[in-house]
Asker: 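Quick one: structure below, then a few questions.
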Amino acid sequence: MEDPTVISGDLSPKQAIQLQKDAASQVITYDDLPTVKTVAGVDVGFENRDVARAAVVVLRLDDLTPVEYAIARQPVRMPYIPGLLSFRECPAILDALNQLNRKPDLLLCDGQGIAHPRRLGVASHLGILTGMPTIGVGKSRLTGTHGPVPDIKGQWTPLEDDSEVIGAVLRTRQGVKPLYISSGHRVSLPTAIEYVMACVTRYRLPETTRWADGIASDRGQNWLRAIKTDRS
DNA sequence: GCGACAG
DNA sequence: ATCTTGTCGC
């Protein structure tokens, strides 16, 4: 393994796991990010199981207005294996990110950050690959345990693995299942929670994720015409 | 050996 | 992730 972070071609599960162990040591879990003016949401949808469609939507943090988006389609190379999600989705995401005119200051990814068996969920892996600050926003648990979460918007409970805090189980809205937040790269857990809440309005998912979901999935056209694109 | 298991 | 209608609750 020359560069332990590169995803080149198809890897066997064993190779992928070894790469994760090597790359995990490069993850930064303290705050090392610039002033955040724009936040992007990234998500991947699938067309007929064999084509991945990644969507990246950049929003202004102050009013959560979308300012730019990009979509990338790529043939699927790896199957979905719990713990190895990034190898399946990152190629398409990187492609979409490269299409942006201006890089966002922060990335909110669907899936875990360091709340992962080897501390390298898709958000952390994407952070290492791009060098960008990232946060993991999972809709369900991959690993770790936690106590009950108060049913009050903004409240959270630590997610831990062997008495190590790897994330937070956050109630983004009363009466709905909580979200699993964790540091991706260059963002601490407290800061991650703050930014996620800053992107939440009246729904369970932050606006970044809602926009990316909509565009990555089928009815993307409906969401696209709602964006006043400033691209040619 | 028997579960658990992001999207 | 994706397949899918109506329905319960604030």
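Because only heavy atoms are used, hydrogens play no part in the values below, and waters and symmetry mates are left out as well, while side chains stay in. Letters go in sequence order (proteins before strands), and every chain restarts at 1.
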Asker: What one-letter contact string describes nucleotides 4-10 of chain C from 5' to 3', where B marks a base within less than 4.0 Å of any protein heavy atom, S marks contact via sugar-phosphate atoms alone, and - marks no contact?
Answerer: -------
Asker: What is the distance, to the nearest angstrom, from the CG atom on Leu84(A) to the C1' atom on dA1(C)?
Answerer: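 After rounding, the reported distance stands at 16 Å.
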Asker: Starting at CD of Gln74(A) and ending at C1' of dA1(C), how long is that distance when rounded to a whole Å?
Answerer: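 Between C1' of dA1(C) and CD of Gln74(A): 17 Å.
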Asker: Rounded to whole Å, how long is the line connecting atom NZ of Lys139(A) with atom P of dA1(C)?
Answerer: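 After rounding, the gap between these two atoms is 4 Å.
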Asker: Could you tell me the separation between the CZ atom of Arg88(A) and the C1' atom of dT2(C), rounded to a whole number of Å?
Answerer: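 Going from CZ in Arg88(A) over to C1' in dT2(C) covers 11 Å.
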Asker: Considering only dT2(C), dC5(B), dA6(B), which nucleotide approaches the side chain of Leu85(A) most closely?
Answerer: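 Comparing dT2(C), dC5(B), dA6(B) against the side chain of Leu85(A), the answer is dA6(B).
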Asker: Just the rounded figure in Å: distance from P of dA4(B) to CD of Gln112(A).
Answerer: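 My rounded result for the distance is 18 Å.
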Asker: Measure from CD1 on Ile17(A) to P on dC5(B) and round the result to the nearest Å.
Answerer: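 The distance from CD1 of Ile17(A) to P of dC5(B) comes to 18 Å, rounded to the nearest Å.
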Asker: Stacking between Tyr80(A) and dG7(B), defined as ring centres under 5.5 angstrom apart with planes under 30°, is that present or not?
Answerer: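 Yes.
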Asker: Select base, sugar-phosphate, or nothing to describe what Gly121(A) touches, counting heavy atoms under 4.0 Å on all strands.
Answerer: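 Since a base atom lies under 4.0 Å of Gly121(A), the category is base.
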Asker: Tell me: CZ of Phe87(A) to P of dG7(B), nearest whole Å?
Answerer: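 Distance check: Phe87(A) CZ to dG7(B) P gives 18 Å.
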Asker: In whole angstrom, what separates Ile81(A)'s CD1 from dA1(C)'s C1'?
Answerer: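 The distance from CD1 of Ile81(A) to C1' of dA1(C) comes to 15 Å, rounded to the nearest Å.
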Asker: More than 12 heavy atoms of other residues, nucleotides or ligands under 6.0 Å from CZ of Arg173(A): yes or no?
Answerer: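 Not more than 12 within 6.0 Å, no.
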Asker: If every non-hydrogen atom of Trp211(A) is compared with every non-hydrogen atom of Pro66(A), which pair is closest and at what distance?
Answerer: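 It is CZ2-CG, 3.8 Å.
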Asker: Under a 4.5 Å cut-off applied to non-hydrogen side-chain atoms, are Gln18(A) and Leu11(A) in contact?
Answerer: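 Not touching, per the 4.5 Å side-chain cut-off.
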Asker: Scan residues 144-169 of chain A against DNA chain B and write down, sorted by residue number, each residue with any heavy atom closer than 4.0 Å; if none is found, say none.
Answerer: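 Listed by number, there are none.
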Asker: Taking C-beta and beyond as the side chain, do Lys153(A) and Met197(A) meet within less than 4.5 Å on heavy atoms?
Answerer: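 They are in side-chain contact.
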Asker: Select base, sugar-phosphate, or nothing to describe what Gly175(A) touches, counting heavy atoms under 4.0 Å on all strands.
Answerer: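 Answer is nothing: Gly175(A) stays at 4.0 Å or more from every strand.
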